[in-house]
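The block underneath contains the structure these notes are about, expressed in structure tokens.
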Amino acid sequence: MSISSEHKPLGKQVTGNLHTLSPIVELNVGGEMYTTTLSTLKKHPGSKLAEMFTGQPKLRTDSEGRFFIDRPGTYFKYILEYLRSNQVPTQCIQDVYKEALFYDIEPLIKQLEDSPQIFGELVARKQFLARVPNYSENIELMIRIARAEAVASRRSSVIVCVVRTEEDAARCQDALNSLDMDKKSVVKFGPWKAAPSISDLLDCIQMDVEAKGYKISFQPHVAEKGFRFKSHDFFYKFLFTWW
């Protein structure tokens with residue numbers, strides 16, 4: 001009696017040597033189905049993708065016998081296009097770059113890093129932020145403060161102090177001592193030695209917080225009347241909107 005597809009096993013380890021397999025390969029990449037050849041997948045011998053299909057099997061199969069790769073299937077088509085024709089994708093660049101890194105396809109990685117999107121992020125923005133002390137930690141601190149103040153409210157705010165030079169850092173500390181607020185709740189960014197301005201850093205903060213799924217905006221923080229510094233020279237209020 002034949003067994004229906006409904007009762008086939010969910011997956012099994014491939015047995016035998018890949019050299020004995022058909023040159024035509026069926027793939028299930030994160031639920032997306034692809035058909036290609038072994039030679040295409042092994043085009044770059046040093047890549048992780050080539051290693052998956054070289055020597056002893058390193059992949060499982062789905063219930064239909066297709067090799068299963070647990071990665072986003074949407075972007076694998078761009079990987080295949082490159083392997084087949086050396087065509088570098090012009091869309092979904094950031095996501096394809098992540099997949100190229102995972103599959104360790106070095107020529108594609110290098111070509112994507114030359115694209116304006118990746119070049120701008122890696123060489124310009126990331127290199128700038130690497131010069132801002134504790135940038136990533138401060139982003140996480142902002143989020144923790146905002147979440148702590150979100151109880152029974154639609155919005156919560158975080159005061160940020162941004163200083164570009166050591167001199168401004170000293171002035172900011174004097175200003176901070178004069179502010180009527182919990183000093184521990186003020187997140188300080190800077191100083192840094194790079195060309196981008198304070199407004200550039202503020203944009204980066206907003207970009208990176210929004211990339212984590214939060215809805216956020218910012219504005220200069222206006223201190224109470226009689227404050228002896230122009231607070232908007234250093235202080236900004238970031239508003240997190242929850243609903």
Side-chain angles (χ1 to χ4, degrees), residues 18 25 27-55 58-59 67-143 162 164 189-214 216 218:
L18 283 165
V25 180
L27 301 172
N28 176 347
V29 185
E32 299 282 340
M33 311 307 165
Y34 295 94
T35 301
T36 185
T37 65
L38 273 176
S39 60
T40 296
L41 297 170
K42 296 163 64 176
K43 184 174 181 179
H44 297 285
S47 69
K48 182 177 179 179
L49 183 62
E51 290 178 359
M52 291 178 182
F53 295 92
T54 302
K58 303 173 181 66
L59 294 172
F67 290 105
F68 179 72
I69 301 176
D70 193 13
R71 294 294 295 179
T74 303
Y75 311 113
F76 191 73
K77 64 181 179 182
Y78 301 109
I79 300 295
L80 271 185
E81 286 177 5
Y82 177 77
L83 295 176
R84 288 166 173 162
S85 60
N86 290 325
Q87 180 179 337
V88 179
T90 57
Q91 51 186 321
C92 305
I93 300 296
Q94 298 281 356
D95 294 304
V96 177
Y97 180 66
K98 293 177 184 177
E99 297 310 296
L101 289 172
F102 173 79
Y103 294 114
D104 194 21
I105 304 174
E106 192 64 30
L108 178 56
I109 291 171
K110 290 181 178 179
Q111 290 184 68
L112 288 173
E113 287 179 347
D114 283 337
S115 69
Q117 298 94 322
I118 303 298
F119 179 87
E121 177 69 13
L122 295 181
V123 176
R125 199 175 84 91
K126 290 296 186 185
Q127 288 296 317
F128 158 52
L129 295 178
R131 290 166 168 76
V132 180
N134 304 314
Y135 177 80
S136 297
E137 294 84 348
N138 284 339
I139 293 291
E140 295 300 327
L141 177 58
M142 285 179 62
I143 292 172
V162 183
R164 185 172 176 182
F189 287 85
W192 64 86
K193 294 181 180 180
S197 65
I198 286 177
S199 63
D200 294 323
L201 180 65
L202 292 169
D203 287 339
C204 287
I205 294 171
Q206 182 172 10
M207 288 170 59
D208 289 328
V209 174
E210 288 180 339
K212 296 178 180 292
Y214 295 92
I216 189 174
F218 67 88

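None of these values were measured; they are calculated from a predicted model.
In this structure, the side chains of Leu201 and Leu129 come closer than 4.5 Å at one or more pairs of heavy atoms. In this structure, Thr36 and Arg84 have side chains that are in contact, with non-hydrogen atoms separated by less than 4.5 Å. Within the 4.5 Å cutoff, no side-chain heavy atoms of Tyr135 are placed close to those of Trp192. Glu99 is listed as a side-chain neighbour of Pro72, based on a closest heavy-atom distance under 4.5 Å. Side-chain contact between Asn134 and Leu141 is absent, with no heavy-atom pair separated by less than 4.5 Å. Asn138 is not listed as a side-chain neighbour of Met142, based on a closest heavy-atom distance of 4.5 Å or more. For the pair Thr35 and Leu27, the minimum side-chain heavy-atom distance is 4.5 Å or more. By the 4.5 Å heavy-atom criterion applied to side chains, Ile69 and Met52 are counted as neighbours.
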Derivation of the side chain to side chain contact (heavy atoms under 4.5 Å, CB included) call for Val209 and Ile139 = CA-CA 7 Å; Val209 174; Ile139 293 291; 4.1 Å; yes
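Taken from CD in Glu81 to CD in Gln87, the straight-line distance is 5.0 Å, to the nearest 0.5 Å. In this structure, the separation between CD on Glu51 and CG on Leu41 is 13.5 Å, given to the nearest 0.5 Å. Going from atom CD1 of Ile109 over to atom CG of Asp114 covers 12.5 Å, rounded to the nearest 0.5 Å.
Scanning both residues, Gly30 and Phe68, for their nearest heavy atoms gives N-CE1, 4.1 Å. Minimum heavy-atom separation, Arg164 to Ser197: NH1-CA, 3.9 Å. Residues Ala100 and Ile79 come closest through the heavy atom pair N-CD1, 4.0 Å. Contact between His44 and Ala50 at its shortest, heavy atoms only, is O-CB, 3.2 Å. Residues Gln94 and Ile118 come closest through the heavy atom pair OE1-CD1, 3.5 Å.
Applying the salt bridge (charged side-chain N to carboxylate O under 4.0 Å, His left out) test to Lys110 and every residue at least two apart in sequence or in another chain returns nothing.
Between Lys212 and Glu140, at least one side-chain N (NZ, or NE/NH1/NH2) sits under 4.0 Å from a carboxylate O, which counts as a salt bridge. Remark: Asp203 does not engage Arg125 in a salt bridge, criterion side-chain N to carboxylate O under 4.0 Å.
Side-chain contact annotation: Tyr82 with Gln111, donor-acceptor N/O pair under 3.5 Å present. With no hydrogens or angles considered, no side-chain donor-acceptor pair links Asn28 and Tyr34 at under 3.5 Å.
Within the structure, ring pair (Phe, Tyr, Trp, His ring centres under 6.0 Å) contacts touching residues 90-127 (residues at least two apart or in different chains) are Phe76-Tyr103.
Lys126 places no side-chain N or O within donor-acceptor distance of the main-chain N or O of Glu121, the cut-off being under 3.5 Å.
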